[in-house]
Protein chains: 2
Amino acid sequence: MSLATSSILDETASAQPVEFTPRQEAVLEHALALLVDGGEKALTTAGLARTANCSKESLYKWFGDRDGLLAAVVAYQASKVHFPSEAGATSDAQTYRSHVQAFVTALLEVLFGETSLALNRLSIGQSNKDSNRLGRLLLVRGKHMISARARSLLEAGRHKGFLKFEDAEDAYQVLYGLAVRDVHVRLLLGERATPAEKDLGKQASTAVSRFYSLFGA
Amino acid sequence: MSLATSSILDETASAQPVEFTPRQEAVLEHALALLVDGGEKALTTAGLARTANCSKESLYKWFGDRDGLLAAVVAYQASKVHFPSEAGATSDAQTYRSHVQAFVTALLEVLFGETSLALNRLSIGQSNKDSNRLGRLLLVRGKHMISARARSLLEAGRHKGFLKFEDAEDAYQVLYGLAVRDVHVRLLLGERATPAEKDLGKQASTAVSRFYSLFGA
DNA sequence: CAAAAAATGTACCGTACCGTACGGTTCTAT
DNA sequence: ATAGAACCGTACGGTACGGTACATTTTTTG
């Protein structure tokens, strides 16, 4: 049984960090590069073997089949994304708000990055498969992780009296919508971001400002 | 020169309604059905010819090549989507707000429909092509149309003193974000909507409520 | 009703790519 | 140093699909 089907795809054990050897990580890095410019069609087993200076046989030994390779790419990239955890519990209203704004900025940086866009395009393109491994992988190791992190941040704000809301998940969804709007989908469709949309700090600032208008205590 | 490259793809003349013969529309309907369950891989020329009882030669005569067929499917579906225009200029605050809410509900109905999701998945999957015809097609005949419609609706509300904002496009983006959040992307990734997210009227209602908190006069 | 235009269905070709096999090479451990 | 494992590069089979050609049938038109 391949590495892909035995551990990466096993969503019951989705907590452990998924180890790759350095050689495999180097190959996955090449795979990412191929994906970012060229899309899924550009990531062929022969092409990856050529650009990464490895053999196809190794690819199949490591990842099982092409789907396993794609899943490994997604899992590997997800393992590289880390969000800053809340810096200490002792913070006044001002610094807490700056934490929220930093979180939103980091969120936009990840979502609007070319790598994330390429992987989202890949997963969306595969979302009509029987099991839809990539979509679930991206959701569970990407969005759900971020969502959990955001909820804990917002809960802390409520506990300290900076925010007021009923459901943390609901509040996070609003914050997400205010920050992302339809920019994500437009980027996924290939539209270029406007200069204003490229100023992620400014975008995050106004989003947080509006969020506080709705949920500030 | 094929129909696809001569008229559908001609973005300079993107205003005229794109005519198809009834026979062609019937074939495009079958193509849509194939796309909705099965994704792009399921839409093969041979498969479409078989299910639609037409010949491959006719497909190539009508649409040029496979890309032209995909573009025709997108253009055809876009031509079927219509939003209710604002019903008369004489309306009080209450009915105007109901118009806004109806617009948001219609927006969600379109975006979360299986057909729209399938076409968005298709266009996103093709967004790394050289010209990226599908993405631009979906943007110009879909999102931009809706955006223009929304701006005029919001401008009317501002003119009547129901709303207060600086930039109509910016206000619309906020309304969009409040209503859609990350549900669209999650659906694109294959996740099922929660029961609460399926209540589009309720979702639109709270979105409009929050929008009025931010932009109400 | 007959000629012409259009459409159907099938057969075919070329290409692209997944997956496997195999000979040769490099690394590792004892 | 040497045996064994891992790996590289390449070549090949099988398959799926885009696109074309052509004979037959259906529809339109004068």
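Proteins come first, then strands; the chains are lettered A, B, ... in the order of their sequence lines, and each starts at number 1.
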Presence of B/Trp62 side-chain N/O under 4.0 Å of C/dA7 phosphate oxygens OP1/OP2: yes
Apply side-chain contact (heavy atoms from CB on, under 4.5 Å) to A/Ala193 and list each qualifying residue two or more places apart in sequence or on a separate chain. A/Leu187, A/Glu197, A/Lys198
Closer than 4.0 Å, any side-chain N/O of A/Arg66 to the OP1 or OP2 of C/dA16? no
Please classify the nucleic acid contact of A/Ser58 as base, sugar-phosphate, or nothing, using heavy-atom distances under 4.0 Å. sugar-phosphate
Under 4.0 angstrom, heavy atoms only, what part of the nucleic acid is B/Arg23 near: base, sugar-phosphate, or nothing? sugar-phosphate
Would you check if the side chain of B/Asn120 reaches a backbone N or O of A/Leu189 as a donor-acceptor pair within less than 3.5 Å? no
Short N/O separations, protein against nucleotides 10-15 of chain D, under 3.5 angstrom:
none

In residues 42-53 of chain A, what donor-acceptor pairs under 3.5 Å come from side-chain atoms, sequence neighbours left out?
unit_1	atom_1	unit_2	atom_2	d
A/Thr44	OG1	A/Gly47	N	2.9
A/Thr51	OG1	A/Gly47	O	3.0
A/Thr51	OG1	A/Leu48	O	3.3

So, B/Asp182 versus A/Gln173: side-chain donor-acceptor pair below 3.5 Å or not? yes
Give the rounded distance in Å between these two atoms: CG of B/Asn53 and P of C/dA6. 21 Å
Would you give me the side-chain donor-acceptor pairs under 3.5 Å for residues 100-110 of chain A, sequence neighbours excluded?
unit_1	atom_1	unit_2	atom_2	d
A/Thr105	OG1	A/Gln101	O	2.8

Provide, to the nearest angstrom, the distance between the CD atom belonging to A/Gln24 and the P atom belonging to D/dC8. 11 Å
A/Leu69 has an atom CG; how far is it from atom P of C/dC17, in whole Å? 15 Å
Would you jot down, in residue-number order, the residues of residues 37-48 of chain B having a non-hydrogen atom under 4.0 Å from DNA chain D? B/Thr44, B/Thr45
Can you sort out the partners of A/Ser123 under side chain to side chain donor-acceptor pair (under 3.5 Å), two or more places apart, ordered by chain and number? none
Residue pairs meeting salt bridge (charged side-chain N to carboxylate O under 4.0 Å, His left out), one or both in residues 68-82 of chain B, sequence neighbours left out, come to B/Glu29-B/Lys80
Mind calculating the distance between OH (A/Tyr60) and C1' (D/dA6) to the nearest angstrom? 19 Å
Please, which pairs that meet salt bridge (charged side-chain N to carboxylate O under 4.0 Å, His left out) have at least one residue in residues 166-179 of chain B, sequence neighbours excluded? A/Arg181-B/Asp170, A/Arg210-B/Asp170, B/Arg151-B/Glu169
Per the salt bridge (charged side-chain N to carboxylate O under 4.0 Å, His left out) rule, what does the pair list look like for residues 30-44 of chain B, sequence neighbours excluded? B/Glu40-B/Arg66
B/Lys61 NZ to C/dG9 C1': how many Å, rounded? 17 Å
